[in-house]
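Numbering of ligands and ligand atoms starts at 1, following listing order. Predicted, not measured: the structure shown is a model, and the values here were computed from it.
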Amino acid sequence: MPYHISAIDSNKSTVLVNIDKYPDHCPICHIGIEAKQLAYYVSGTSGVYLSFEMLCRCPRHECGRVFLALYKPQLVGGTVFFYREAVPSIYQAPSIPESVQKISPSFYAIYSQAYQAESSGLKEICGPGYRKSLEFLVKDFILNPASKVNAERDAINKIPLASCIESYIEDPTTKAMARLATWLGNDETHYYRKWADKDLNDLKKLIHLTVNAIDSKLTMDGYLEDMSKDKEVGNKPKSARS
Ligand SMILES: [Zn+2]
């Protein structure tokens with residue numbers, strides 16, 4: 001149901017317009033909000049309006065920034081202005097576990113750039129970026145620890161990502177998620193889309209599932225190594241807390 005708002009047009013006249021929704025997310029602190037509305041404007045005059053803009057303020061004390069919600073008109077019975085985006089859109093770094101950033105700084109750098117491209121509205125070019133980040137993630141994970149001999153490193157560097165996953169990843173969850181992410185990632189770089197019912201969000205979810213599986217494996221390996229070492233040197237657990 002559209003909401004009715006009195007806006008100022010280019011002649012400083014007041015006009016009644018319909019909008020589909022109010023902004024509910026701050027583009028600066030990236031938190032869901034009920035935006036404070038400060039002013040409303042339409043561009044154009046005499047019923048020919050090209051856009052509607054709502055000046056808003058984030059109500060959070062920690063943020064409190066002012067932003068502009070942008071709307072475009074669409075004919076649905078009458079003219080309704082549909083919410084498109086809010087500006088300025090401040091880049092927010094993606095959340096990737098530290099363990100994964102540590103074994104693959106290249107993955108984190110490429111993934112962050114793809115994420116930034118997507119946040120800037122470059123939806124067509126961020127897909128290949130996500131696909132590239134996946135390749136670095138998988139290969140760096142396989143090559144971790146860095147002590148692997150050079151012959152093995154050369155072989156892993158040269159073979160395609162899909163073969164790499166099948167030949168070198170043992171953990172079944174990591175293997176399954178990396179495999180699915182690769183299939184969807186390839187769709188982002190090819191002319192023909194094989195998985196027509198899947199999109200960029202599915203690819204990102206699968207990359208995150210791969211990241212989580214790798215993070216779990218690295219964390220488990222860390223505990224196993226750490227506590228086996230303690231056992232070897234004869235450390236005994238305390239019988240009671242003092
Ligand atoms: Zn905010």
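Taking the Zn ion (ligand 1) as the corner point, the angle from Cys29 atom SG to Cys58 atom SG is about 110° (rounded to 10 degrees). Computed with the Zn ion (ligand 1) at the centre, the Cys26 SG to Cys63 SG angle is 110°, stated to 10 degrees.
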For Phe82 and Gln74, what are the C-alpha separation, side-chain angles and deciding distance, and is it a side chain to side chain contact (heavy atoms under 4.5 Å, CB included)? CA-CA 7 Å; Phe82 282 81; Gln74 232 174 287; 3.6 Å; yes
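Among the atoms of His30, no N, O or S atom is found under 2.8 Å from the Zn ion (ligand 1).
Ring to ring, Tyr71 and Phe52 are close: their centroids are under 6.0 angstrom apart.
Residues Tyr111 and Lys132 fail the side-chain proximity criterion, which asks for heavy atoms closer than 4.5 Å.
Not a single donor-acceptor pair under 3.5 Å links the side chain of Asp202 to the backbone N or O of Lys198.
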